[in-house]
There are 2 protein chains.
Amino acid sequence: MLRLSKLADYAVVVLTRLEESGGAASAPGLSVATGIAEPTVAKVLKTLAQANLVIGTRGAQGGYRLVRPLCAVPISEVIVAVDGPIALTACVDGAVGACDAEATCPVRGRWDPVNDAIRSALSAITLADLKRPARQPKTPSPVAALAAE
Amino acid sequence: MLRLSKLADYAVVVLTRLEESGGAASAPGLSVATGIAEPTVAKVLKTLAQANLVIGTRGAQGGYRLVRPLCAVPISEVIVAVDGPIALTACVDGAVGACDAEATCPVRGRWDPVNDAIRSALSAITLADLKRPARQPKTPSPVAALAAE
DNA sequence: CGCATAGAGGACCGTACTGGTCCTGTATGA
DNA sequence: TCATACAGGACCAGTACGGTCCTCTATGCG
């Protein structure tokens with residue numbers, strides 16, 4: 001189904017909520033705000049912190065705050081942070097040994113353009129583009145431009 | 001990891017091999033040609049037949065043949081045939097009830113542009129684009145155009 | 001100074017999905 | 001008439017993911 005992991009979905013939700021909370025909030029607070037279980041929210045935030053998308057401060061009155069505004073965060077970055085590198089198949093970047101039929105594989109290493117296309121498509125969309133209303137965006141988003149082809 | 005199913009990978013391999021065999025071959029024949037186990041090849045071909053990407057003829061001397069040349073088959077079609085609709089998350093096309101936090105979800109239904117972007121990116125690449133050499137394509141592929149943005 | 005809060009970083013387990021095989025039925029050519 | 005090959009399932013095992021929990025560290029407040 002070409003599915004994205006739920007964690008990545010949660011990450012987007014949490015980050016969006018984080019900005020709505022003024023750019024800073026705690027994991028328990030975000031849990032009640034989003035309806036996502038607290039341990040899960042914490043897990044997502046910890047992952048995002050490792051990717052430097054948020055910064056966590058410990059102690060009482062601690063919490064997480066956004067490093068960049070959502071409009072400066074492409075979803076590709078979130079996906080990479082949570083799900084790892086974007087690669088549709090194992091046969092990427094000339095990886096050797098990942099596929100047992102390397103010798104006979106007729107599409108050897110040719111998924112790369114596909115991966116690149118998806119990467120660039122995801123890089124063109126920022127988290128701000130996923131936010132609620134934005135009914136009539138003044139400037140047509142790159143998404144629309146891509147879809148129009 | 002945003003992974004594609006192996007079956008879809010196999011499908012591309014099998015279809016490519018099918019064209020190299022003159023557009024027609026049997027499942028056992030494709031199995032030995034690709035190195036993929038015969039039951040798996042059969043499964044993939046059955047799926048592709050349901051999607052009208054190949055046509056199977058029964059009986060001795062039977063087999064499968066391509067309906068369209070590879071250059072007329074976007075990979076998106078193969079992926080949809082094997083893996084189902086391309087949708088990164090459950091919250092697609094305004095599906096209701098799929099997400100238990102619909103009420104509070106701040107990105108409700110906003111993954112759609114992402115899905116569209118990926119769909120269009122995958123639609124712009126045909127199976128012919130994945131074939132072996134094609135080192136210096138005369139006409140820059142749409143993939144390159146997308147990546148250049 | 002001590003305690004409550006909150007993040008960091010793991011380990012851990014159940015489930016659901018995928019990959020892969022196999023079985024039965026049907027069609028067709030030699 | 002039989003061997004071949006597709007059609008359409010059911011079926012099983014391995015794995016990866018989602019989700020929870022535990023321990024440790026840091027920090028603000030009473």
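Values below: every heavy atom of this structure, side chains too, minus hydrogens, waters and symmetry copies. All chains are named by letter (A, B, ...) in the order of the sequence lines, taking the proteins before the strands, and each is independently numbered beginning at 1.
Taking atom CG of residue A/L30 and atom C1' of nucleotide C/dT5, one finds them 15 Å apart after rounding to whole Å. Following rounding to the nearest Å, A/L45 (CG) and C/dT5 (P) show an atom-to-atom distance of 19 Å. The nearest whole Å value for the distance from the CG atom in B/N52 to the P atom in D/dA7 is 11 Å. Atom-to-atom, CD of A/E38 to P of D/dG18 comes out at 18 Å; the value is rounded to the nearest Å. One can place CG of A/L18 at 11 Å from P of C/dG7, the figure rounded to the nearest angstrom. A/R65 has its CZ atom 13 Å from the P atom of D/dT27, to the nearest Å.
Side-chain contact between A/Y10 and A/V82 is absent, with no heavy atoms from C-beta onward closer than 4.5 Å. Looking at A/L122 and B/I118, their side chains come closer than 4.5 Å, going by heavy atoms from C-beta outward. The side-chain heavy atoms of B/E19 and B/P69, taken from C-beta on, include a pair separated by under 4.5 Å. At least one side-chain heavy atom of B/V41 sits under 4.5 Å from a side-chain heavy atom of B/T34.
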Sub-3.5 Å pairs of nitrogen or oxygen atoms, protein against nucleotides 21-25 of chain D:
from: D/dT25; atom 1: O2; to: A/R58; atom 2: NH1; distance (Å): 3.4

Show me the protein contacts with nucleotides 15-17 of chain C, counting only N or O atoms at under 3.5 Å.
none

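The shortest distance between the side-chain N/O atoms of A/T57 and the OP1/OP2 oxygens of D/dT27 is not below 4.0 Å. A sub-4.0 Å separation between OP1 or OP2 of C/dG9 and a side-chain N or O of A/Q50 is present. OP1 or OP2 of C/dG20 lies within a sub-4.0 Å distance of a side-chain N or O belonging to B/Y10. A close approach under 4.0 Å does occur between a side-chain nitrogen or oxygen of A/Y64 and OP1 or OP2 of C/dA8.
Checking C/dT21, D/dT27, D/dG19 against the side-chain heavy atoms of A/A60 singles out D/dT27 as nearest. The side chain of B/L7 lies closest to C/dG19, out of D/dG18, D/dA5, C/dG19.
Using a cutoff of 4.0 Å between basic side-chain nitrogens and carboxylate oxygens, A/K6 and A/D9 are not scored as salt-bridged.
Take the nearest nucleotide of DNA chain D for A/Q61 and for A/T40: the residue whose nucleotide is more 5' is A/T40.
Across all strands, B/A42 comes closer than 4.0 Å to no nucleic acid atom at all (heavy-atom distances).
Contacts of A/S31 classified as side chain to side chain donor-acceptor pair (under 3.5 Å), with partners at least two apart in sequence or in another chain: none. Legend: residues meeting side chain to side chain donor-acceptor pair (under 3.5 Å) with A/S26, ordered by chain and number and at least two apart, are absent.
Evaluation of the salt bridge (Lys or Arg N to Asp or Glu O under 4.0 Å) test over residues 68-81 of chain B, restricted to residues two or more places apart or in two chains, returns B/R68-B/E77. The stretch residues 49-64 of chain A participates, sequence neighbours left out, in no side chain to side chain donor-acceptor pair (under 3.5 Å) pair at all.
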